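Worksheet for the structure shown next.
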There are 2 protein chains.
Amino acid sequence: MPAKMQDVARRAGVSTATVSRVLNSPELVSADAYRRVMDAIRDLDYKVNLAARRLRTNQTHTIAIVIPTISEPVIHEIVEAVEDVAITHQYTLLVCSTRGDTAREEAYIQLLTQQTLVDGVLYVSPRSAPEQVLKLAHGNAPLVLCNYTIDGLNTPSVLVDHVRSIYQATRYLLELGHHRIALLNLAAPHYYPARMRRKGFEKAYVDAGLMPDPALIVELVQPTYAHDDWRDAITGLLDQPDRPTAIVAFNDNVALEVYAACRARGLRIPDDLSVTGCDNILSSRYVDPPLTTVRVPSADAGRLAMRYLIRLITDENAVIPPITLFDVDLIVRESCAPPP
Amino acid sequence: MPAKMQDVARRAGVSTATVSRVLNSPELVSADAYRRVMDAIRDLDYKVNLAARRLRTNQTHTIAIVIPTISEPVIHEIVEAVEDVAITHQYTLLVCSTRGDTAREEAYIQLLTQQTLVDGVLYVSPRSAPEQVLKLAHGNAPLVLCNYTIDGLNTPSVLVDHVRSIYQATRYLLELGHHRIALLNLAAPHYYPARMRRKGFEKAYVDAGLMPDPALIVELVQPTYAHDDWRDAITGLLDQPDRPTAIVAFNDNVALEVYAACRARGLRIPDDLSVTGCDNILSSRYVDPPLTTVRVPSADAGRLAMRYLIRLITDENAVIPPITLFDVDLIVRESCAPPP
DNA sequence: CGGTTTAATGTAATCGATTACATTATGTAT
DNA sequence: ATACATAATGTAATCGATTACATTAAACCG
């Protein structure tokens with residue numbers, strides 16, 4: 001049976017109130033009592049019962065981060081950044097990955113609305129319908145969205161500029177002289193970042209005085225994280241009679257799948273096909289040829305989102321900008337060339 | 001002010017005991033009372049206060065997973081597997097990443113020994129000294145080690161066979177005719193998996209009737225996750241006058257750094273240098289040439305470790321094998337050839 | 001020196017659930 | 001009809017901290 005505050009108080013010859021003060025506001029306690037209490041704590045190896053503290057204070061010092069999967073480079077970059085901020089503010093992190101499974105996502109949302117489980121929720125790139133997320137927004141714990149936003153909701157969102165990332169890649173290819181560029185936007189069309197990326201793609205064409213070919217925009221009705229789906233989509237593009245001369249992949253992993261497909265078909269990058277990625281993951285530098293991609297400051301977005309969340313938790317009437325947008329940069333490497 | 005059980009009881013015309021029974025053991029409640037309580041819960045949008053429940057029951061339904069970093073492929077594979085098991089058993093997951101920072105690791109250990117924060121701890125690949133981990137082992141919450149073990153501690157460990165992974169890669173290279181094989185074991189020598197990998201490397205040599213050259217075993221005194229350290233180590237190996245003919249990298253990411261270093265120097269893989277990795281990460285298949293590596297069932301290890309942990313939590317006198325070892329397979333691709 | 005502020009501590013109510021035990025009603029066996 | 005088992009519910013203690021309020025002692029001031 002572990003020691004409780006009562007025991008510490010008895011051993012130190014003080015009341016539990018004093019012990020509690022030593023722990024939470026030591027400036028109210030005399031040096032003498034402080035020392036005696038600390039000694040008693042050490043001697044008895046006393047540990048606070050956090051459930052009791054939470055019940056009394058109504059604070060958990062825990063936040064939940066809801067993510068689609070931990071295996072995506074962008075996502076775990078965000079999780080790490082968020083954890084760093086959390087730890088410096090003495091918060092712990094509950095990780096809830098939905099895996100694109102709506103039932104699982106709803107179960108988590110259900111859980112997170114319970115009392116005194118978490119003080120706040122950080123929602124990263126949800127796949128589920130906005131109505132679900134709204135449930136959380138109307139719960140008791142503050143909510144901040146990251147890498148995502150829901151139109152007409154006054155919950156703060158912190159985003160990287162999904163429009164400009166694909167815009168920059170597409171414009172670069174157009175400037176190289178490509179006209180038949182395909183967009184591998186392998187997510188659901190209603191998914192916010194997918195919508196924005198498509199917008200960036202189309203805008204680049206329009207700004208160049210051209211029109212994109214809708215047949216070259218590939219999206220998935222039922223998105224999964226299985227690479228097989230990706231492969232099928234890529235096969236569809238590469239094996240058609242009038243093959244595109246360039247491919248804008250919606251992230252680096254998809255671009256790498258394109259690399260593999262090209263190798264299998266004897267197509268050379270960039271001579272036969274130009275390819276761009278997005279996110280600047282580690283291996284984008286190592287592949288041959290090094291991948292032209294876009295640097296997105298996801299970690300920065302995560303950090304800021306977490307800081308906003310903590311502000312909302314600790315300050316009842318904190319004012320947070322509804323949308324914060326981080327800019328992105330094109331990183332030119334060697335995977336693009338003028339069309340053959 | 002959110003509704004509490006009292007309010008539900010009043011509205012349903014029953015006592016709080018009955019409400020609690022509806023939630024926790026509905027078989028004790030009459031159909032009529034059940035319906036009335038459920039209606040009241042819905043009407044008032046009642047949510048359990050988990051802090052109160054935890055205080056009373058002394059159970060948190062939360063487990064902590066302590067990991068070095070979330071960004072390593074093996075680690076997040078384990079985290080995902082663990083989360084899947086957790087969710088099916090109604091547990092939530094607290095993620096604690098130490099980033100190889102001893103102070104941070106100790107802070108987390110300190111935190112995790114508090115009462116009613118978590119029901120158990122899963123410790124994955126710790127970097128810190130065993131004494132630290134021992135503190136947890138002697139705490140109140142059950143502990144299971146994953147990808148690691150501490151000699152002479154009776155805490156259950158679930159491991160992949162680190163000896164055999166490097167053994168197989170090394171033997172394969174020896175059979176191809178290599179004699180000057182380097183081991184890039186870029187971790188601290190006292191780190192358990194590093195010790196085992198070194199053992200596997202040496203055993204392969206001994207089994208072939210040869211002796212490894214200690215000068216070709218590279219380890220780090222102060223390991224970090226910075227790729228610069230890796231690059232320095234690789235430069236040291238490749239630029240020495242009597243270059244090794246093959247490199248066994250301790251994981252795939254290190255192997256990819258070797259690829260980059262070779263490209264920079266105009267060395268061809270596998271003609272000029274053979275390379276093997278370990279872990280079979282996604283991009284190992286995409287690089288050119290595809291990387292010969294070792295498949296390690298990390299997810300299986302994570303799942304089993306979590307199941308063991310839950311058994312320990314729920315069954316006071318569960319008996320768990322002290323060490324469980326998962327076997328590994330060499331995956332031969334195209335990054336190795338006979339020495340030039 | 002009386003009065004007032006300040007510092008240090010104690011007393012006890014409180015947070016919101018769970019559950020041992022008591023109570024009542026109902027059915028069943030003898 | 002009596003005794004007894006069973007089902008359904010209620011009463012109230014309990015988990016272990018925090019903190020408003022009360023109390024006491026010491027310090028300070030004109």
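These figures come from a predicted structure and were not determined experimentally. Proteins come first, then strands; the chains are lettered A, B, ... in the order of their sequence lines, and each starts at number 1.
Along DNA chain D, the nucleotide nearest A:Gln6 and the nucleotide nearest B:Val29 are compared for position; the residue whose nucleotide lies closer to the 5' end is B:Val29. Between B:Val48 and A:Thr18, the residue whose closest nucleotide on DNA chain C is further toward the 5' end is A:Thr18.
Between A:Asn58 atom CG and D:dA17 atom P the separation is 18 Å, expressed in whole Å. Going from atom CG of B:Leu23 over to atom C1' of C:dT19 covers 14 Å, rounded to whole Å. Rounded to an integer number of Å, the gap from OH of A:Tyr46 to P of D:dG16 is 10 Å. Rounded to whole Å, atom P of C:dT18 lies 12 Å from atom CG of A:Leu55. Atom CG of B:Asn49 is separated from atom P of C:dT18 by 10 Å (rounded to the nearest Å). Atom CG of A:Leu28 and atom P of D:dT18 are 13 Å apart (whole Å). A straight line from CD of B:Gln59 to C1' of C:dA17 spans 14 Å, rounded to a whole angstrom. For B:Met1 and C:dT14, the CE to P distance is 15 Å, given to the nearest whole Å.
Residue contacts for A:Ala33: at a heavy-atom cut-off of 4.0 Å it reaches the sugar-phosphate backbone alone, with no base atom in range. A:Asn24 comes within 4.0 angstrom of the backbone, heavy atoms only, and of no base. Using a 4.0 Å heavy-atom cutoff across all strands shown, B:Thr57 reaches sugar-phosphate atoms only and no base atom. Nucleic acid contact class of B:Val14 (heavy atoms, under 4.0 Å, all strands): sugar-phosphate only. Residue A:Arg21 is in base contact, counting any heavy-atom pair closer than 4.0 Å across all strands shown. Using a 4.0 Å heavy-atom criterion, one finds that B:Tyr34 contacts no nucleic acid atom at all.
Minimum atom distance to the side chain of B:Arg53 is reached by C:dA17, of the listed D:dT18, C:dT9, C:dA17. Considering only the side chain of A:Ser30, C:dA8 comes nearest among C:dA8, D:dT9, C:dT19. Of the candidates D:dA17, D:dG10, C:dG16, D:dA17 carries the atom nearest the A:Arg56 side chain, counting heavy atoms from C-beta on. If you check D:dA17, C:dA17, D:dG10 against the side chain of A:Met5, the one that comes closest is D:dA17.
Under a 4.0 Å N-O distance rule, the pair B:Arg54/B:Asp119 does not qualify as a salt bridge. Between A:Arg36 and A:Asp39 there is no salt bridge, since none of the side-chain N atoms of the basic residue sits less than 4.0 Å from a carboxylate O of the acidic one.
Other residues, nucleotides and ligands place more than 12 heavy atoms under 6.0 Å from the CZ atom of A:Phe326. Atom CD of B:Glu27 sits in a crowded spot, with more than 12 heavy atoms from other residues, nucleotides or ligands closer than 6.0 Å.
Between the side chain of B:Glu80 and the main chain of A:Thr69, no donor-acceptor pair closer than 3.5 Å is present. B:Asp7 places a side-chain N or O within 3.5 Å of a backbone atom of B:Lys4 that can act as its donor or acceptor partner.
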Test salt bridge (Lys or Arg N to Asp or Glu O under 4.0 Å) applied to A:Arg11 and A:Asp43, step by step: CA-CA 9 Å; A:Arg11 180 173 246 263; A:Asp43 294 349; 2.7 Å; yes
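Note on the helix from C:dC1-D:dG30 to C:dT30-D:dA1: angle between the axes of the first and last five pairs equals 40°, rounded to 10 degrees.
Using a 30° and 60° split on the angle between ring planes, A:Tyr191 and A:Tyr148 fall in the parallel class, below 30°.
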